[in-house]
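Contents: one structure, followed by commentary.
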Amino acid sequence: MPQKLNAIVTGSTSGIGLGIAEAFAGVGMNVMLNGFGDPGEIEAIRQRLEKENAVKVVYSGADMTKPAAIRSMVADAEEAFGQVDILVNNAGIQLVSPIEDFPEEKWDAIIAINLSSAFHATKAVFAGMKARGFGRIINIASAHGLVASPFKSAYVAAKHGIVGFTKTIALEGAEFGVTANAICPGYVRTPLVEKQIPDTAKARGMSEEDVIKNVLLEAQPTKQFVTVEQIGAFAVFLTSANAAQITGAAHQIDGGWVAK
Ligand code: NAD
């Protein structure tokens, strides 16, 4: 296992990805941030993470719908750090709509960002990880990688897909010290969830308050949102030497949702 680990976290300018990037930097890893947003705000995050943790933090604005941009992002990380030891495929978007109204271009975008980008990024890092005998690939799936909800057809399809892809990476990496795991969070109160509250209210004909109480937290027996810190800490554990035999698994962090 390398002394200093170098990680790429896709979609890390916000929400869960940012929480994982913070947790990684907090234990001394170099991190490549990725995602969209205000350039000034992203630069401020980059500088803060570097300063607070005495690590190297770089940023790639690669669009996860574009395979060539994903390959360039990995090449830029290799240039900045020398090698990539950890890849977290986290970037994701959501759209809540009945199937009959679901826009085709949104289906394609969700499959591209939430599923295919993980393939392109994994393909770009995999040979190097196998050759060096160490690698950790963490795919941020969802409880929706294991069970469905209505009106989230593309998201549920992509998330079930990434759980399957995780198993294949695990089998191909198993004899080379490369593990692959999916994390399946329940509801985390990030911008992605905030945005779907009004859409779900519209699709189900409910008030926004009722959506939080009777749709989102109704799914979670603990009746509490999962936090980005809880996911970040678990991701750190999956990168550790003690997690070497944990591979090909889908780990629920969902307040008991999928147990029901
Ligand atoms: P978020 O909206 O806060 O963050 C999404 C990130 O992805 C942002 O950094 C955004 O800029 C980036 N992104 C979006 N499109 C991109 C593109 N084309 N190229 C590059 N980056 C892009 O969302 P979040 O809730 O933190 O979600 C992160 C991941 O966690 C997603 O895969 C999501 O499906 C998954 N997830 C979220 C929840 C939840 O409740 N929030 C639950 C389960 C799984």
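Side chains are part of it too, since the values below use all heavy atoms of this structure and drop only hydrogens, waters and symmetry mates. Predicted, not measured: the structure shown is a model, and the values here were computed from it. Along the sequence shown, the residues carry numbers beginning at 1. For ligands, and for the atoms within them, numbers begin at 1 and follow the listed sequence.
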Stepwise side chain to side chain donor-acceptor pair (under 3.5 Å) check, Asn242 with Ser240: CA-CA 5 Å; Asn242 281 336; Ser240 70; 5.2 Å; no
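Residue-environment remark: NZ (Lys106) stays at or below the threshold of 12 foreign heavy atoms within 6.0 Å. The 12-atom threshold is exceeded at CD of Glu100, counting heavy atoms of other residues, nucleotides or ligands nearer than 6.0 Å. Remark: Lys195 NZ is loosely packed, at most 12 non-hydrogen atoms of other residues, nucleotides or ligands lying under 6.0 Å away.
From Phe176, atom CZ reaches atom CZ of Phe126 across 8.0 Å, with rounding to the nearest 0.5 Å. Taken to the nearest 0.5 Å, the CD1 atom of Ile20 stands 3.5 Å off from the CD1 atom of Ile140.
Sorted by chain then number, the residues whose non-hydrogen atoms approach ligand 1 to under 4.0 Å are Gly11, Ser12, Thr13, Ser14, Gly15, Ile16, Asn34, Gly35, Phe36, Ala62, Asp63, Met64, Asn90, Ala91, Gly92, Ile93, Ile113, Ile140, Ala141, Ser142, Tyr155, Lys159, Pro185, Gly186, Tyr187, Val188, Thr190, Pro191, Leu192, Val193.
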